[in-house]
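Throughout, a chain's letter reflects where its sequence line sits, starting with A, and its residues are numbered from 1.
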Amino acid sequence: MEYSFRDIERKWQQQWTSEKVYRVPNLSDKPKYYVLDMFPYPSGAGLHVGHPLGYIASDIFARYKRLKGFNVLHPMGYDAFGLPAEQYAIEHGVHPAVSTEKNIATFRKQLDNIGFSFDWSREVRTSDPAYYKWTQWIFLQLFKSWYNRKSGKTEHIDTLINLFEKEGNAEHPFPNAQTVLNNSNNKSNNNFTAEDWKSFDEKTKQTILMEYRIAYCGFGEVNWCEALGTVLANDEIVNGVSERGGFPVEKKRLRQWYLRITEYADRLLQGLQTVDFSDAMKEMQSNWIGKSVGAEIEFRIAPNPAFPITKTFEKGVAVKCYTTRPDTIFGVDFLVLAPEHDLVNQITTVEQKRSVDEYISFVKSRSERERMAEKSISGVFTGAYALHPFTNGLIPVWISEYVLAGYGTGAIMAVPGGDERDHKFAHHFGIPITNIFGDAYNGTEALTSKTLILENSGFLTGMNYDGATEVVLKKLDEKGAGRRKVNFKMRDAAFSRQRYWGEPFPIVWKDGVAYPLDESELPLKLPDVETYGPAPNGEGPLANIPEWTNRQLETNTMPGYAGSSWYFLRYMDPHNNNAFCDKNISAYWNQVDLYVGGTEHAVGHLLYSRMWTKALYDLGLIPFDEPFKRLLNQGMIQGSSRFVYWVQLLHVDMLGDEETPKQVNLPPIYLSKRWVDEFSDHQTKQSLNQTIKQIIDGRNEDLNMEISLEKQPVPIHVDVNLVDGVELNMEAFKNSKSEYKNAVFITEENGKYICGTEVEKMSKSKYNTVNPDLLVEKYGADTFRMYEMFLGPVEMSKPWDTKGIEGVHRFLKKLWRLFYHENQIIVSSERATNQELKVLHKTIKKIEEDTERFSFNTCVSAFMVCVNELTDLKCSKREVLEPLLILLTPYAPHIAEELWHQLGNTTTILDASFPKWEERYLTESTKEYPVSINGKLRTTIVINLAISQPEVEEIVLANAVVQKWLDGKLPKKIIFVKGKMVNVVL
RNA sequence: GCCCAGGUGGCGGAAUUGGUAGACGCAGCAGACUCAAAAUCUGCCGUUCGUAAGAAUGUGCUGGUUCGAUUCCAGUCCUGGGCACCA
C-alpha cells in the first residue's frame, strides 16, 4: 500500500469531526491545560504560510498534553472588528459584516486543511453581537469603577461616592494632578470637602466622577487629516502626509474615551514576576510601562524687566520639570518645554513670539514617531528665563520637539553635563555648559554615571547620586519647590475610534454628561449605515445616523483591542447568555497555561488584556489576576521575494536625447542574475548589446536604430511560485501574464534563468506569498506541519523557503515503509532487541524534553534520526513502532492515526498515553573522550566511564598522539571533566 | 532616536549548564538499480595545503576573561520586530 496522504488525511479529518474527538468538557477528573493561540484578524488575503506557524506549535503542544493525560482546552476564533474591512467597505461598498463573514469562511477552510485539534464548538467572533454584548458589559463595569489607591483595587464607583459624601476627596485626590476643578469654588489644590460635594450640582458631580472612572472620557490629540476628514493611524502616515492621497496631517484635539491603565502600572510591573514570559518580553513590557523614580522640581519664571511681562507673571508662574537626576540640579543650563506645553503662550516674549509660533506649527505637522526618530536638533528660545531654586540664577527657557507633552510634566531641566541629548542641544545652540563633574568632564560628551562625585554643586559638592538625591529632595521640600515623584512612561490607553466597524459604546449623553445604558439594553447593536465615511468635525460614521444621534448615543466605537482583551475568558463558556463567563467555569480553566503568538503584540494587546484581567479580578468576577501563565512568541515568517530584471532599451536619436522606442512588437527582455551583477562591466555590456541587437533584429524589421543599455535593468517582483529555488520556470512565467507572453530571457551559460532575491514582509503585492493549501495538496498536511516546524526555532523569524519540504516528505514515506512493504503490512510481534529499544527510548526522551522546551525543529530531526536507525536495523516490530506512533501524533496526526489503526487499534490515538522512557536502555559503560592538547582537539580515546582521574591520566599519557605532542616533556596539568572531555596543558 | 531580538557551510539550521563546531534536512557531486524515467539505496560534501596521514584556518567585526569561548564580558557593524488609531 502506498502512502496516499491525501486520502488518509481527508478520511481522518472527517472522522475526527464526526466523532467529535476535539470536544472538550468543562468538567473532568483530569487536570486541565489551556493552550491558546492569538486569534487571527481574518484578512481578505487569506491564510499564508506565516499564519499556521504558531498554530502548529500550539497544536503540537495541545495534543502532547492530551497524551500526557490532561483535559486540554484548545479553542480558536476571530478578531473580526478592524480597519481593513472598513476600508474595503468604503472602497467597494460591501458591508464589513459581509466581507468579514466571507473571509472567515476562507480562513476556516484553510485551517481545517491542516488538521488542527481546535474545539470549534467554542468559536468566538468579536464582531458577533452575542460576543460584543459582553465586551460592552465589561466596558460598563470599567465605566462604573474607580481605582482605590489605598486598597490597591478596582472598586465600584459607589464606594467613591460614599467616601466623597463622608470626607470629600482629601484622601483620594484626582488621579491626574493636572486636573483643575472647573468650578466657582475652585481651589488650587483640587480638593473638595464633603460639604462641597453635597453642594455640587449633578453635572459637576459627574464631571468629577469622570476623573476617577477606569473607563473615562477626556480629550486627546489625534492625527487629523482634513482632506480625508478622518483620523489616521501612525501607520497610515508616510513622511508626514497621508498614505492615501498624500494629504497633510495635523494634530487635532478630540473628545476621546480612555482606559485608566496608568493606575495599574505598578501591578502590571509586579505581575511580570509571576508569569513565565521570555526575559525579552518582560523587558519590553517594563520599558513600555517605564517606571522611573525622580523628582518634580518647580522653576519660577523670572520677572525680568528686560522682557515684557504679562499679568500671569506677577502671580508667580512656575514650570514644573520632571527629572530622574535631581542631584545634577546645579548643572541646569536651560529648561525645555514641549512645544504644546500650556505655559508656552504665557511666557513667550514679544520678540520671540514669531519664531516660537512658526516652530509650533512646524511641530504640529509632525508625527510623534518622526519627532522621536529625528536626529537633527531643533528648538526655539522663548525669550523667558526661569530662576534656579537654589542659586536664583537665570535659566533660559526653550521649546523643542524632543520634549514630549505626554511624558512627565512636559518640561525638563536640561543638564548638558549629565545628559546626552541635553549636551547635543547645548552644543547645537551654543548654550554655555556648566561643569559639575570637575576633571572627569572633557567638554565633548555628557557623563551619565551615577557613581561620579559632584563638584561645583553648592551644598551637593562631594556627594554622588545616592547621597545628593536625598539631600536635594529634602532641601527642595523645605522650600516647597519640589518633591519626590514616581513617573511612568505609559499613558492612559486611548479607547475610542472615529470608525464604524467596532463595538458601539453603551453610553448615552445628556447635557454633556455620559450615562451608561441599562445592562438589559445590551447588546447595543451596530446600526446599518448608508456610507462608511466619517461624519463632519472628526466624528465617526455613526454620527451620520439620525436614529443614533437622536438618542444621544455615543458616536465613537471601541478599538480593536476591546474584544481581544478578554476573549480567552469567553472560550471557557462561549454560549452563556447570562454572564460573560460562569465563575465556576473560569475557576476550573483558570489561567491560560500556554499562550502562543507574535512579539508584535508584546506591549499592546498583552498589556491591555493583563489590565482587564486585573480589573475583573478586583471586581470579583474571575478568580485570577494574570491571564497568561506562560507565553511563547513565534517568530515572523518573512517572504523571500524573487526578481526578474527587465532591460530598459533606449533609442538614441540624432540629437543625442534618449527616448524609449515605439516598441510595437518588441518583446520584453529579461536578464539573468549574473548579467545584472556584472552590468557595470564594460565588456559585459558590449556582449549584451550584441545579444540584444540580434534579438531585436530578428523580430522587428522596421526597427532601425541605435540602442543604449546605459540604464540599470529594473527589478520586477515575480511570483515565487514560478521559481524553483532561484531558477525561474520560464514557460510558466510566460504563461502567467499576457504581457510576459513573448518574454525573451538572457540566461546563464547553462541555459538557466536565475532570479534575484530579497527578504521582505510577506504580502500579495510583492508576489512572495505562499499558500499553504497548495503545499498541503502536493505533500499533505502532515508534511506541511512538520516542515513548518523543521524550518528552525519557532521563536525565530525567518524567510519562507519551500525548497526543503521534500526532505520531510521523504521522511514520512520512509516511516511508512517501516510498516508496509509492497502492499503488505510487515509489522511483527517479535521481541525487540536492546539495540532497538535503545533507539526507541532515546527518541522518547528526546521528544519529551524537546517538546517541553518548544524545540520542535530538533524533534523533527530526532524523528528522522530514529526512523533512519530503525531502517538500518530493519526493525518493523510492534513493540518499537507502536510507541513511536504515539510520539509522532502531535506532529503528524493523520499518518499516526492511520498506522495506529492499521496495527489493529480501534480508538483514536489521542486517547493513548505518552510512553515513558527507561534509563536502563540508555546507560553506557564507555565514552569516546575528545582529547585536546592546549585546548585543541588532537584525538579521541574510548575510556570506561567508571574509572577515576589518575587512571584516565595514565591512559591519556600513554596515547601515541598525546606522546607525539608532548615530545618527551611533562604536561603542566591535565583537565578531566568526567563524561565530557580531557585537556592536556603543555 | 529609543526598546527588544538575531548574525554559524552554497542554503534552513544543530551544539540544553563554557567542554569533539556543522546533528538533521535541502542543494551539489560520484555511484547502484532501471531499456529509460520516477521512486529508492550507497558514498563524498566548511575553506586552504596535501595522494594520504595530517596540518593550518573557521561561528558578523575588534578586543578581553579562561586550560578551553558559537556560548561569558566590553565595544562595533548589519538585519528584523515594536514605539501607543494596522492587527
Side-chain angles (χ1 to χ4, degrees), chain A residues 38-41 43 79 81-84 87 222-223 230-237 256 278-281 283-288 290 368-375 402 406 421 489-499 559-561 564 598-605 607 633 635-636 638 725-726 759 761 787 790-793 795-801 803-808 810-811 813-814 817 849-850 853 855 857-858 860-865 868 871 928-940 971-975 977 979-986:
Chain A
M38 290 184 185
F39 61 171
Y41 174 78
S43 79
D79 188 12
F81 275 132
L83 207 47
Q87 201 51 48
V222 294
N223 300 312
T230 183
V231 178
L232 296 179
N234 277 336
D235 241 46
E236 299 173 286
I237 304 168
Q256 297 286 348
S278 69
D279 289 342
M281 182 62 46
E283 210 166 322
M284 271 191 267
Q285 289 210 4
S286 37
N287 288 340
W288 177 270
E368 203 165 300
R369 188 142 352 145
E370 275 180 304
R371 282 173 65 171
M372 288 188 295
E374 187 57 69
K375 280 184 207 164
Y402 85 92
R421 273 196 116 146
K489 210 187 294 176
M490 183 167 68
R491 314 197 284 260
D492 280 342
F495 194 66
S496 48
R497 305 290 183 259
Q498 290 69 46
R499 307 280 185 186
Y561 66 82
S564 62
T599 37
E600 64 271 24
H601 298 285
V603 285
H605 159 66
L607 275 177
N633 290 116
M636 184 173 277
Q638 293 143 323
V726 288
V759 172
K761 252 199 174 132
Y787 182 59
F790 192 55
L791 275 179
E795 309 93 316
M796 213 114 77
S797 291
K798 55 230 152 193
W800 178 264
D801 190 350
K803 218 170 60 188
I805 198 166
E806 295 271 2
V808 175
R810 267 175 222 150
F811 153 74
K813 284 198 280 190
K814 200 165 176 179
R817 285 198 301 272
E849 287 173 356
D850 285 8
R853 66 186 178 102
S855 182
N857 56 327
T858 53
V860 176
S861 90
F863 282 124
M864 289 173 171
V865 170
N868 287 345
T871 303
E928 186 183 13
Y929 277 91
V931 178
S932 310
I933 313 287
N934 281 342
K936 273 202 173 119
L937 181 78
R938 295 300 173 188
T939 188
T940 59
K972 229 184 245 167
K973 64 175 154 174
I974 297 174
I975 289 159
V977 183
K980 291 277 187 195
M981 46 63 72
V982 181
N983 188 16
V984 180
V985 186
L986 299 186

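Closest approach to the Q638(A) side chain among G12(B), G25(B), G80(B) is made by G80(B) (side chain taken as heavy atoms from C-beta onward). When distances run from any side-chain atom of W288(A) to the nucleotides A87(B), A84(B), C24(B), the shortest one goes to A84(B). For R853(A), whose side chain is taken as the heavy atoms from C-beta onward, the closest listed nucleotide among C83(B), G25(B), U16(B) is U16(B). Across C85(B), U20(B), C24(B), the shortest atom-to-atom separation from the side chain of L937(A) is found for U20(B). Closest to the side chain of K798(A), from the set A84(B), A87(B), G13(B), is G13(B).
At the phosphate of C85(B), OP1 or OP2 sits under 4.0 Å from a side-chain N or O atom of R497(A). The side chain of N868(A) places an N or O atom within less than 4.0 Å of a non-bridging phosphate oxygen (OP1 or OP2) of G25(B). The phosphate of C83(B) has neither OP1 nor OP2 within less than 4.0 Å of any side-chain N or O from N234(A). For U57(B), the OP1/OP2 oxygens have a side-chain nitrogen or oxygen of K936(A) closer than 4.0 Å.
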Distances for protein N/O vs nucleotides 4-8 of chain B N/O pairs under 3.5 angstrom?
| from | atom 1 | to | atom 2 | distance (Å) |
| --- | --- | --- | --- | --- |
| C4(B) | OP1 | E283(A) | OE2 | 2.3 |

Contacts under 3.5 Å, N or O only, protein and nucleotides 28-30 of chain B:
none

Listed pairs, N/O of protein and of nucleotides 38-48 of chain B, under 3.5 Å:
| from | atom 1 | to | atom 2 | distance (Å) |
| --- | --- | --- | --- | --- |
| U40(B) | O3' | R817(A) | NH2 | 3.3 |
| C41(B) | OP1 | R817(A) | NH2 | 3.4 |

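Ranked by how close their nearest RNA chain B nucleotide is to the 5' end, G792(A) and R938(A) are led by G792(A). In this structure, V603(A) and K803(A) both approach RNA chain B, and ranking their closest nucleotides by distance from the 5' end singles out K803(A).
With hydrogens and angles left out, the side-chain atoms of S564(A) and D79(A) include no donor and acceptor closer than 3.5 Å. Between the side chains of K489(A) and N287(A), not a single donor N or O lies within less than 3.5 Å of an accepting N or O.
For E849(A), the salt bridge (charged side-chain N to carboxylate O under 4.0 Å, His left out) partners two or more places apart in sequence, or in a different chain, are K845(A).
Helical stems involving RNA chain B, defined as 3 or more consecutive Watson-Crick or G-U pairs under 3.5 Å, span B:1-7 with B:77-83, B:10-12 with B:24-26, B:28-32 with B:40-44, B:46-49 with B:54-57, B:60-64 with B:72-76.
Considering only heavy atoms from C-beta on, R497(A) stays 4.5 Å or farther from L83(A) through its side chain.
Taking the C1' atoms as reference points, G60(B) lies 8 Å from C78(B), given to the whole Å. Across G80(B) and A27(B), the matching C1' atoms stand 26 Å from one another, rounded to whole Å. With P as the reference atom, A23(B) and C45(B) are 10 Å apart, rounded to whole Å. Spacing of P atoms, U57(B) relative to C61(B), comes out at 15 Å, to the nearest Å. When the P atom is compared between A69(B) and U59(B), the two are found 11 Å apart, to the nearest whole Å. Remark: the separation of the P atoms in G12(B) and C77(B) is 24 Å, to the nearest Å. Rounded to the nearest Å, the gap between the P atom of C73(B) and that of G18(B) is 10 Å. U48(B) and G9(B) are spaced 15 Å apart, taking the P atom of each and rounding to whole Å.
One atom, CD1 of I933(A), and another, P of A56(B), lie 12 Å apart when rounded to the nearest Å.
L232(A) comes within 4.0 angstrom of the backbone, heavy atoms only, and of no base. Residue contacts for E236(A): at a heavy-atom cut-off of 4.0 Å it reaches no nucleic acid atom on any strand shown. Contact annotation for T858(A): backbone-only contact, meaning every heavy-atom pair under 4.0 Å involves sugar-phosphate atoms and none involves a base. Counting any heavy atom pair closer than 4.0 Å across all strands shown, P793(A) reaches sugar-phosphate atoms only and no base atom.
Summarising the geometry of P559(A) relative to A494(A), their closest heavy-atom pair is CG-O, 4.4 Å, with the distance given to 0.1 Å. Nearest approach of Y787(A) to K803(A), heavy atoms of both residues: OH-N, 4.1 Å.
Nucleotide G9(B) carries a syn base; the chi torsion (O4'-C1'-N9-C4 or O4'-C1'-N1-C2) is within 90° of 0.
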Can you build the contact string for nucleotides 62-67 of chain B? Use B for base contact, S for sugar-phosphate-only contact, and - for no protein heavy atom under 4.0 Å.
-----B
